[in-house]
Amino acid sequence: MTVRSTSSCSAMTRKRVAVLISGRGSNMAALIEAAKAPGYPAGIALVLSNIADAGGLETARKAGIETAVVDHKSFGKDRAAFDRAMHDVLLAHCIDLVCLAGFMRLLTPQFTALWSERMLNIHPALLPAFKGLDTHKRALEAKAKVHGATVHFVVPEMDAGPIIMQGVVAVRDDDTEAALAARVLKVEHTIYPAALKLVAEGRVSVVNGRCLIDGNAVPDAGSLIPAA
Ligand code: GAR
């Protein structure tokens, strides 16, 4: 994949973020909202979707955010060409950081390498548990006591990569998939803006596959569910 120059991009104090979506975009909306806060170190410069009628695109437009569509279907099975087209759009918008937010396409290793440690993903489970789809159903079936969401850097392997932040919810005995999903989604909307803030501030480093914050491992939060 050609890496084109971004020399026409002037250095900005706030990082320019592209949010990639395939659907309703509630995490995207949470990032847009968070970025409005004074002092937030990133701004949402672009919302990019592989689906022309993704619900989140309308939300983004209403919020005054620029949008773009790269329709994967027009590339057939050529994933590399689709990724190149996305990369070109990201470069054209002088993007510093990419946030996958319900972006349901597998990315090529070439693309993930170009955005290494500059591309985040949110997954609705406590990785490395429950990679893939139907995470809430599977957490209930596994009789898990805790469940949650993870923000991580993207690597070629799906739903893997250094973990930046996780948020936990207790699983209730009478939980339904919908109820659990709603509580996890609330957590997602908190941890994604918080994780992006840390990354945009340059406070996250990756050492031996683990994220350190300000050079430190995260202290033991000591949370037990149910509380002991
Ligand atoms: C979110 O729950 C996100 O964690 C999940 O898709 C949903 C998108 O919702 N992502 C994945 O499952 C990726 N492996 P949203 O469009 O309302 O943000």
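Whatever order the structure lists them in is the order used to number ligands and atoms, beginning at 1. Residue numbers run from 1 in the order of the sequence given.
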Exercise. Are His123 and Thr135 close enough that a side-chain donor and a side-chain acceptor fall under 3.5 Å?
Worked result: no
Exercise. Are the side chains of Arg183 and Val187 in touch, meaning some heavy atoms are under 4.5 Å apart?
Worked result: no
Exercise. What are the atoms of ligand 1, with element, lying closer than 4.0 Å to any heavy atom of Ser26?
Worked result: 15 (P), 16 (O), 17 (O), 18 (O)
Problem set entry | Contact check, Gly56 vs ligand 1, heavy-atom distance below 4.0 Å | no
For this session: Would you mind checking which non-hydrogen protein atom is closest to atom 8 (C) of ligand 1, with the distance to 0.1 Å?
Result: Gly102 CA, 3.6 Å
Exercise. If you measure from OG1 on Thr150 to OH on Tyr192, what distance do you get to the nearest 0.5 Å?
Worked result: 11.5 Å
Exercise. When you measure from atom 14 (N) of ligand 1 to every protein heavy atom, which one gives the shortest distance, and what is it?
Worked result: His123 ND1, 3.1 Å
For this session: Answer whether the closest heavy-atom distance between the side chains of Thr190 and Lys186 falls below 4.5 Å.
Result: no
Problem set entry | Which segment of Leu100 sits under 4.0 Å of ligand 1 when only heavy atoms are counted | neither
Exercise. Hey, is ligand 1 close enough to Asn121 that some N/O pair sits below 3.5 Å?
Worked result: no
For this session: Run the numbers for me: atoms of ligand 1, each under 4.0 Å from some heavy atom of Arg24, listed by number.
Result: 9 (O), 15 (P), 16 (O), 17 (O)
For this session: For the pair Arg138 and Glu141, find out whether any cationic side-chain nitrogen is under 4.0 Å from an anionic carboxylate oxygen.
Result: no
Exercise. Parallel, tilted or perpendicular: which fits the ring planes of Phe82 and Phe103, with parallel below 30° and perpendicular above 60°?
Worked result: parallel
Exercise. Which residue supplies the protein heavy atom nearest to atom 11 (C) of ligand 1, what is that atom called, and how far is it?
Worked result: Pro124 CD, 3.6 Å
Exercise. What protein heavy atom is closest to atom 4 (O) of ligand 1, reported as residue, atom name and distance in Å?
Worked result: Glu188 OE1, 2.7 Å
For this session: Determine, for Asp96 against Arg16, whether the closest basic-nitrogen to carboxylate-oxygen distance falls under 4.0 angstrom.
Result: no
Exercise. Would you say Ile95 and Met86 are hydrophobically clustered, going by side-chain heavy atoms of ILVMFWY under 4.5 Å?
Worked result: yes
Exercise. Any nitrogen or oxygen of Gly25, main chain or side chain, under 3.5 Å from a nitrogen or oxygen of ligand 1?
Worked result: yes
Exercise. Is the shortest heavy-atom distance from the side chain of Met119 to the side chain of Leu100 under 4.5 Å?
Worked result: yes
For this session: Could you tell me whether ligand 1 has any atom less than 4.0 Å away from a heavy atom of Ile21?
Result: no
Exercise. Atom 10 (N) of ligand 1: which protein heavy atom is closest, and how many Å away?
Worked result: Ile122 O, 3.6 Å
Problem set entry | Contact with ligand 1 for Met104, non-hydrogen, under 4.0 angstrom | yes
